[in-house]
2 protein chains.
Amino acid sequence: MPEQLTEKQQRALKFIQLEIRDKGRPPTLREIGGEIGVSSTNGVRYVLDALVRKGFLERSPMLSRGIELTERSMIHAGAPGTRDIPILGRIAAGIPITATENLEGRVTVDRSIAPTDDTFALRVRGESMIEAGIHEGDVIFARPQRTADTGDIVVAMIGDEATVKYYRLMGNRILLEPANSRFKPIVVESGTPGFQILGKVVGLMRKF
Amino acid sequence: MPEQLTEKQQRALKFIQLEIRDKGRPPTLREIGGEIGVSSTNGVRYVLDALVRKGFLERSPMLSRGIELTERSMIHAGAPGTRDIPILGRIAAGIPITATENLEGRVTVDRSIAPTDDTFALRVRGESMIEAGIHEGDVIFARPQRTADTGDIVVAMIGDEATVKYYRLMGNRILLEPANSRFKPIVVESGTPGFQILGKVVGLMRKF
DNA sequence: AAATATACAAAACATTTGTTCATGTGTCAA
DNA sequence: TTGACACATGAACAAATGTTTTGTATATTT
């Protein structure tokens, strides 16, 4: 249950987060007041108290700029040049793929592997792409897109299941080819309900 | 030409960096003094002035905790939970592997892939490990160690060349087995000059 | 040897900054 | 109506924090 924040509380919190990130130091009560339009330090105090109660801040009494962010309100910005990517657990049709409910975890990776902001990650199950060097347990990174070019490796949704395969367009049909001679290609008529391309695979990570 | 810092200046700078990183706010003059063993705020001021002159800090006059790090003194630590790993270019015998001369670049990766601080990375050349899912162009991560267990994938130095292979100990001999039926294993008598194990492969990264 | 710069110490001072107190104003629910 | 919230003002206060001044000791330079 994420506690509800009022307008002013939100603005104060955002301001504090940005100040700490950009200047490396929390703002004073008066600085916050100037930002959110509260002229008395006592008014600001009130807002901060609320944020402390709701678990977004911690304060050290009688200390200048004694404001700290809690774990939940910390900005997980990551170093410049990296990205914090969610590893999706189960993928279900209809539900937005980045829904926090089905999150297996997060990894921070270089931007060279996660080029765009909306890149998502997935743990590979099965051996169907083993000849493309994609093994069970690997984490693959994909950029969301609804279409693909022949030869791309894509993450596709078939009914209720997500799968990673080579994409090949043949006339009116879409071929999802495994990279494993023991598996058969999947053929889908374009426009089949329940079928959807979720993204194109752009990177891979493995732990030995 | 990195300006020389005295003992106290170094300790003060490090303290300021850590405080900003960990607590999100710079220390006061008195806090710094307590840390580096200077009892007067004026003494601390003196040290800080030196750091400002040498380009490691900026200060805002008449502002509590008005210390900022400059670009060069900023900690590019990366988000907590990540590591900045060098990608080695050519590896030559004798030269310390992390020598900055032969650096192809750097990647930031999750600590789950780069468990220790001294993890290094290497770009894979050739197809000799393709059946282990290691392809040409992949970046592998390795933890430095001089020995290995049978079954490990290791980075080994043979004469002037670095190679990635399965490690297998057979009596008095070491077998470096490729994961590709078209390649033959390499046999090395233990103690052969010019042979050395550099590390054990712990992770892999690929860009499609 | 005298002059100068470095590296502090101590204490007094000036600002900044958090706290407290007294006193409202709206809104919403009981 | 009463009370509880969420907010607000303004002023006075106290503690934290940076600044300045005055000295001292050591080393380096002239």
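In what follows, chains are A, B, ... by sequence order, proteins preceding strands, each numbered from 1. The basis for the numbers below is simple: all heavy atoms, side chains too, and nothing from hydrogens, waters or symmetry mates.
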### Message
With a cut-off of less than 4.0 Å, is there a side-chain N or O of B:T6 near OP1 or OP2 of C:dA7?
### Response
no

### Query
Which part of the nucleic acid does A:T41 contact within heavy-atom distance under 4.0 Å: base, sugar-phosphate only, or nothing?
base

### Task
Report yes if at least one side-chain N or O of A:Q9 is closer than 4.0 Å to OP1 or OP2 of D:dC7; otherwise report no.
yes

### Task
Starting from the 5' end of DNA chain D, give me the residue, B:M62 or A:E7, whose nearest nucleotide shows up first.
A:E7

### Task
Classify the side-chain pair A:D84/A:T108 by whether it contains a donor and acceptor separated by less than 3.5 Å.
yes

### Summary
Sorted by position of nearest nucleotide on DNA chain C, 5' first, the leading residue of B:R30 and A:P61 is B:R30

#### Entry: Presence of donor-acceptor pair under 3.5 Å, side chain of B:N42 and base of D:dT19
no

### Task
Round to a whole Å and report the spacing from CG of B:L48 to C1' of C:dT6.
16 Å

### Query
If only atom types and distance count, is the side chain of B:R168 paired as donor or acceptor with the main-chain N or O of B:G151 below 3.5 Å?
no

#### Entry: Side chains of A:S40 and A:N42, donor plus acceptor under 3.5 Å
no

### Task
Output yes when at least one side-chain N/O atom of B:T28 is less than 4.0 Å from OP1 or OP2 of D:dA16, else no.
no

### Query
Out of B:V124, B:I140, B:I153, which residue meets the side chain to side chain contact (heavy atoms under 4.5 Å, CB included) rule with B:M129?
B:I153

### Query
So, is B:S39 near the phosphate of C:dA9, with a side-chain N or O under 4.0 Å from OP1 or OP2?
yes

### Query
Any side-chain N or O of A:Y46 under 4.0 Å from OP1/OP2 of D:dC7?
no

### Query
Can you tell me how far C1' of D:dA14 sits from CG of A:L29, to the nearest Å?
14 Å

### Query
With respect to the phosphate group of C:dT20, does any side-chain polar atom (N or O) of A:R45 fall under 4.0 Å of OP1 or OP2?
yes

### Message
Please determine whether a side-chain nitrogen or oxygen atom of B:R25 lies at a distance below 4.0 Å from atom OP1 or OP2 of D:dT17.
### Response
no

### Message
Applying a 4.0 Å non-hydrogen cut-off, can you work out what A:S40 is touching in the nucleic acid: base, sugar-phosphate, or nothing?
### Response
base

